[in-house]
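For reference, the structure discussed in these notes is given below.
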Amino acid sequence: MNSFFQQVYDLVAQIPSGKVVSYGQVAQMLGHSRAARQVGWAMRCCPENLPWQRVVMADGSIAGGDFADMRRFLLQNENVTFLPDGRVDMAACRWSGDSGADIE
DNA sequence: GGACTGACCAACC
DNA sequence: AGGTTGGCCAGTC
């Protein structure tokens, strides 16, 4: 099924190591500024080949409930910068697409 | 086939 | 500053 849902996987799969994106950002890249809910819903399927740990909340917090702490560890292992708050440093690790032109 | 929900976000009050 | 609401898509009831 080719859909927004599928595009989310494709986009997340393209996120380079040491970079993260917020749910809303992914949605916005795909042309759906408010489809963040659906992005999270796509993540609910948790594909093994999908580095969804790079997908965080808009404020840098890790989503995913029980696995959140595990993902934070994975991100640290990928050279992602974290703030003293325990959140991802979005200012330094926010991935603005491969071109960086679709957003902002 | 209609209504609800779901790992969110941002605007509004 | 914190709670409520609207909005997107797709899957389930």
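All chains are named by letter (A, B, ...) in the order of the sequence lines, taking the proteins before the strands, and each is independently numbered beginning at 1.
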Practice task
Considering only atom P, compute the distance from C:dG6 to B:dA3 and round it to an integer number of Å.
Solution key: 16 Å

Handout entry: Between C:dT5 and B:dC4 - P atom distance, rounded Å
Key = 15 Å

Please report the distance, rounded to the nearest Å, between [atom1] in [X] and [atom2] in [N].
| X | N | atom1 | atom2 | answer |
| --- | --- | --- | --- | --- |
| A:Gln28 | C:dG7 | CD | P | 18 Å |
| A:Met43 | C:dA10 | CE | C1' | 13 Å |
| A:Phe5 | B:dT5 | CZ | P | 20 Å |

Handout entry: Other ILVMFWY residues reachable from A:Val20 by side-chain steps of under 4.5 Å
Key = A:Val56, A:Ile62, A:Leu75, A:Val80, A:Phe82, A:Val88, A:Met90

Practice task
For the pair A:Glu78 and A:Arg54, find out whether any cationic side-chain nitrogen is under 4.0 Å from an anionic carboxylate oxygen.
Solution key: yes

Handout entry: Option among A:Tyr23, A:Phe4, A:Phe5 that satisfies the ring-ring contact (aromatic ring centres under 6.0 Å, His included) test with A:Trp41
Key = A:Phe5

Run the side-chain donor-acceptor check on residues 29-37 of chain A: report pairs under 3.5 Å with partners two or more places apart or on a different chain.
none

Restricting to nitrogen or oxygen on both sides, can you table the protein-nucleotides 8-11 of chain B pairs closer than 3.5 Å?
| unit_1 | atom_1 | unit_2 | atom_2 | d |
| --- | --- | --- | --- | --- |
| B:dC8 | N4 | A:Arg37 | NE | 3.3 |
| B:dC9 | OP1 | A:Ala58 | N | 2.3 |

Problem - A:Ala91 backbone acceptor or donor facing A:Asp89 side chain under 3.5 Å - result: yes

Exercise for the section: Could you tell me whether the side chains of A:Asp10 and A:Gln14 share a donor-acceptor contact shorter than 3.5 Å? Expected result: yes

